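Here is the naming used below: chain letters follow the sequence lines, and residue numbers restart at 1 for every chain. Computed from a predicted model, the values in this text were never measured in an experiment. Note that these values count all heavy atoms, side chains included, but never hydrogens, waters or copies made by symmetry.
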Number of protein chains: 2
Amino acid sequence: MMITNKDNSKADTKGNKTRQLIVDTAAKSFSKKGYLATPLKEIATSVGMKTGSLYYHFSSKEELMEEVLATGMILIKQKVDEEMATLNEGASFQEVFKTAVRGHLKAILQHPDYTSTSLRNYIQIPPSVRDALHAKRVSYEQFWQDIITLGEKQGVLRKGLDTRLLKLSIFGCMNWASIWYKEGEKTIEEIATVQAEIFLHGCLAE
Amino acid sequence: MMITNKDNSKADTKGNKTRQLIVDTAAKSFSKKGYLATPLKEIATSVGMKTGSLYYHFSSKEELMEEVLATGMILIKQKVDEEMATLNEGASFQEVFKTAVRGHLKAILQHPDYTSTSLRNYIQIPPSVRDALHAKRVSYEQFWQDIITLGEKQGVLRKGLDTRLLKLSIFGCMNWASIWYKEGEKTIEEIATVQAEIFLHGCLAE
DNA sequence: CCTACCGATCGGTAGG
DNA sequence: CCTACCGATCGGTAGG
């Protein structure tokens, strides 16, 4: 009697390896040239197959995009969680905030293929794909909202500050880096330090 | 002897009105659906003509995009200059900065058709179009760099702060609003006030 | 500004 | 996973 692996979705079979190669290639192109500007033929050629053969692995270009974006969001959350794990119990809002900024920036700048695709392709994401990822997005935004709420609880935030607007502002500040960032100028650590400092203390002396 | 208007490029002729209508329509679609996702046929139909007829006014889709983007950058600068004109001589860095933020946000949020096209389509902009607009972009970035330099001269900026990174951060913060902003929630004035305050003083109390 | 049309390309499919 | 192909659509053109 054979022992079958009922959850073989992550099995290291040849088929799954190929599938992964396709997603990797797609992520690279979608991130660099854009979703609509990338023909499936280009992806197929890169992985060494014919366009039609992609449909053995995916049922549509949108599905491919959805997998790239979903993977990207998971990677971002993983990286941020990894950074957050370095904090000790009862860390101050300042420490927590800076750590989250560092994690997010590392995620979108160190391995941008997956993680920056959604930022660079914002307007190109098909509505159905956007809907499918909605829950993940809300969950990640809530993670940041919780950090800000921590600041409120610790009583360190300016009174009357619109916390939603604060969240959107730091998102914009960080996410825009996925457009201007070039390797080799500033380190990601430095960018994180400066951006966190600006948001915590502003750019003025004193 | 006829008096001819040698610079009739802005003349209010029927042809120029039509041309303007085409650009307006294109700006709307490019901003909302994206450059690549907008077929020329859609623009043509909206203005009541056939696709091929657009080529009486423009020689390519890229040229149309270039005009939309160039107009957008001019409109942004105009709006910002308009706000800056309300300042009196010798205004403090804080006042100047906040005023510039308000002007930029008004420009990209009040009439987003032209002004937000470049932000929402960043990755889709054809390289040749990007090159053609490079000088305008540099000039506008310099305007902001000059504001920050003013802060340095007045000695109010935190020592050692990377001014280029400060500029990129406020750009990201403001420009990202063109993605999340919906009319009717917060006024643009309120958003400008909060974002300027965050950048000047941070989100912490004291 | 229209008619009529093009070459190219696109995402996707049938059948093996 | 390939061969062979599709219907549709695209930006763009010639000639009027």
Give the first and the last nucleotide of DNA chain C, reading 5' to 3', that has any atom under 4.0 Å from a heavy atom of chain A.
C:dC10 to C:dT13

Going by atom types alone, do B:D146 and B:Q142 pair a side-chain donor with an acceptor below 3.5 Å?
yes

If one requires at least 3 consecutive Watson-Crick or G-U pairs with distances under 3.5 Å, the stems of DNA chain D turn out to be C:1-16 with D:1-16

Of the residues in residues 20-52 of chain B, which ones touch DNA chain C at a heavy-atom distance under 4.0 Å?
B:G48, B:M49, B:K50

Apply side chain to side chain contact (heavy atoms under 4.5 Å, CB included) to A:V194 and list each qualifying residue two or more places apart in sequence or on a separate chain.
A:I198, B:L161, B:L165

Under 3.5 Å: donor-acceptor pair, side chain of A:R130, backbone of A:Y122
yes

Assess whether atom NZ of B:K186 is packed by more than 12 heavy atoms of other residues, nucleotides or ligands within 6.0 Å.
yes

Checking B:K61 against B:Y35: charged group under 6.0 Å from the ring centre and within 45 degrees of the axis?
yes

Identified salt bridge (charged side-chain N to carboxylate O under 4.0 Å, His left out) counterpart of B:R102 within the set B:E190, B:E82, B:E197, B:E83
B:E83

Check: B:Y140 ring centroid to B:H104 ring centroid under 6.0 Å:
yes

Just to verify, what does B:E42 make a side chain to side chain contact (heavy atoms under 4.5 Å, CB included) with, not counting sequence neighbours?
B:S29, B:K33, B:T38, B:P39

Do any pairs count as a salt bridge (charged side-chain N to carboxylate O under 4.0 Å, His left out) and have a residue in residues 18-30 of chain B, sequence neighbours left out, and if so which ones?
B:R19-B:E67

I'd like to know if the side chain of B:T115 reaches the main chain of B:H111, judged simply by a donor and an acceptor atom lying under 3.5 Å from each other, with no hydrogens or angles considered.
yes

